[in-house]
Amino acid sequence: MKSNKLINRSLLFVLVALTFYAFLTLDYSNLVNLQFSNIWHIVTSLLQPDFSYVYDGTSEDLVHLMFQTVVIAFYGTIIGSILSIPFILLSAKSTWGRLTLIPLGMRGLLNLMRSVPALIYAILFVRVVGPGPFAGALALGVQLVGMLGKLVSEELDRIDETPIESMRAVGASSSQIFQYARLPQVLPIAASHVLNHFEINVRSATTLGLVGAGGIGAPIIFALQQRNWARVSIILLAIILVVVVIDLMSSKIRQKLL
């Protein structure tokens with residue numbers, strides 16, 4: 001107990017020291033350029049959204065681009081969910097028994113895949129398949145493989161062994177055990193993870209347009225560069241509204257699944 005307390009206190013001391021070091025090493029010289037009149041101008045402009053940008057009949061208005069953003073997130077979630085299935089099975093220790101090297105290696109690969117930001121994947125896929133929504137969907141899908149592969153394989157290893165042992169006792173085969181004992185336990189949790197990451201993908205998809213991967217990202221940057229705060233405001237409101245609606249819907253579905 002004493003050793004645990006010593007370790008915890010040491011970690012707390014290191015964390016506090018790193019926090020102070022981070023604050024002390026920040027460059028605060030730009031604070032001299034801070035003007036409250038500029039801040040007030042930005043705030044008042046953001047409070048006057050440009051509603052004329054919501055719909056103008058072209059493919060470059062807010063409605064079309066937000067719909068495209070949600071479609072990119074949905075398509076990326078579908079791609080990632082399907083491609084993650086073999087990775088989940090290869091990463092689950094319960095699938096391989098005593099062969100620990102295979103799941104260990106696969107989990108290392110999944111950690112590598114999910115450590116790369118979606119924006120980096122988007123840059124790579126824009127080079128491979130060209131600019132557009134498809135590149136954005138592929139970027140979100142590949143990153144989702146790493147996320148779902150890790151989370152669902154861990155859930156597969158944590159399931160209740162009682163029904164599995166019962167089926168083994170009556171002579172069930174490995175495929176029957178997986179189909180009737182393992183899969184029913186992990187499917188609702190996996191579906192919940194998929195829904196949760198669909199919400200995350202919607203937020204991530206809003207930035208993919210920065211590198212030409214479709215969605216609402218490019219108009220945001222253009223509006224910021226032009227200091228068109230009214231347009232920035234309406235775009236932010238649309239993103240918030242879409243994310244809140246999707247969050248409420250997925251929360252209801254997850255409650256029914258779990």
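Please read these numbers as outputs of a predicted model, since none were measured by experiment.
Closest non-hydrogen pair, Gly76 versus Asn201, comes out as C-ND2, 4.4 Å. The nearest pair of heavy atoms linking Leu62 to Ala238 is CD2-CB, 3.6 Å. The two atoms that bring Pro188 and Gln185 nearest to each other are CD-O, 3.8 Å, heavy atoms only. Looking at every heavy atom in both residues, Leu110 comes nearest to Lys150 through CD1-N, 3.7 Å. Between Val232 and Ala223, the shortest heavy-atom distance links the atoms CG2-CB, 3.5 Å. Of all heavy-atom pairs spanning Ser153 and Ala92, the tightest one is CB-N, 4.0 Å.
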Q: Apply side chain to side chain contact (heavy atoms under 4.5 Å, CB included) to Val202 and Phe74, showing your working.
A: CA-CA 8 Å; Val202 171; Phe74 182 76; over 6 Å; no

Q: Report the C-alpha distance between Ile220 and Ile239 in whole Å, list the side-chain angles of each, state the deciding distance to 0.1 Å, and finish with yes or no for side chain to side chain contact (heavy atoms under 4.5 Å, CB included).
A: CA-CA 11 Å; Ile220 293 177; Ile239 292 171; 3.7 Å; yes

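The distance from the CG atom of Leu109 to the CG atom of Leu104 is 12.0 Å, given to the nearest 0.5 Å. Once rounded to the nearest 0.5 Å, the distance linking CE of Met106 with CD1 of Ile88 reads 10.5 Å. Within the model, atoms CE of Met167 and CD of Gln176 stand 6.0 Å from one another, a figure rounded to the nearest 0.5 Å. Taking NE2 of His193 as the reference point, atom NE2 of His197 lies at 8.0 Å (rounded to 0.5 Å). Of the inter-residue distances, the one linking Asn196 atom CG with Ser251 atom OG reads 8.5 Å to the nearest 0.5 angstrom. Atoms CD1 and OG, on Ile120 and Ser115 in that order, are 11.0 Å from each other to the nearest 0.5 Å.
Tyr180 and Ile177 fall within a single hydrophobic cluster, where Ile, Leu, Val, Met, Phe, Trp and Tyr side chains are chained together by heavy-atom contacts under 4.5 Å. Linking Ile, Leu, Val, Met, Phe, Trp and Tyr whenever their side-chain heavy atoms come within less than 4.5 Å puts Ile102 and Met113 in one cluster. Connection of Ile82 to Phe198 is established within a shared hydrophobic cluster, with ILVMFWY side chains joined at heavy-atom distances below 4.5 Å, either directly or through further cluster members. Each of Tyr55 and Phe67 belongs to its own hydrophobic cluster when Ile, Leu, Val, Met, Phe, Trp and Tyr are linked at side-chain heavy-atom distances under 4.5 angstrom. Under a hydrophobic clustering in which Ile, Leu, Val, Met, Phe, Trp and Tyr are joined whenever their side-chain heavy atoms come within less than 4.5 Å, directly or via other members, Val211 and Ile72 fall into the same cluster.
Side-chain contact between Glu154 and Arg107: present, with at least one pair of heavy atoms (C-beta onward) separated by less than 4.5 Å. Looking at heavy atoms from C-beta onward, His41 lies in side-chain contact with Trp229 at the 4.5 angstrom threshold. The closest side-chain heavy-atom distance from Leu140 to Thr77 is not below 4.5 Å. With contacts defined as side-chain heavy-atom distances shorter than 4.5 Å, the pair Val142/Phe125 qualifies. When side chains are defined from C-beta on, Pro219 counts as touching Leu65, because their heavy atoms get closer than 4.5 Å. In this structure the side chain of Ile164 reaches within 4.5 angstrom of the side chain of Arg182, judged on heavy atoms. Here the side chains of Leu148 and Phe87 are not in contact, with every heavy-atom distance at 4.5 Å or above. Here the side chains of Ile234 and Phe51 are in contact, with some heavy-atom distance below 4.5 Å.
Taking the charged nitrogens against the carboxylate oxygens, Asp157 and Lys93 have no contact shorter than 4.0 Å, which rules out a salt bridge. Taking 4.0 Å as the cut-off between side-chain N and carboxylate O, Arg158 and Glu155 count as a salt-bridged pair.
In this structure, a donor-acceptor pair under 3.5 Å is present between the side chains of His64 and Asp61.
Surrounding CZ of Arg203 are more than 12 heavy atoms belonging to other residues, nucleotides or ligands, all under 6.0 Å away. Heavy-atom neighbours of Tyr53 OH from other residues, nucleotides or ligands within 6.0 Å: above the threshold of 12.
In terms of modelled atom types and a separation under 3.5 Å, the side chain of Gln68 and the main chain of Pro133 share no donor-acceptor contact. Thr69 contributes a side-chain N or O that, together with a main-chain N or O of Ile216, makes up a donor-acceptor pair within less than 3.5 Å.
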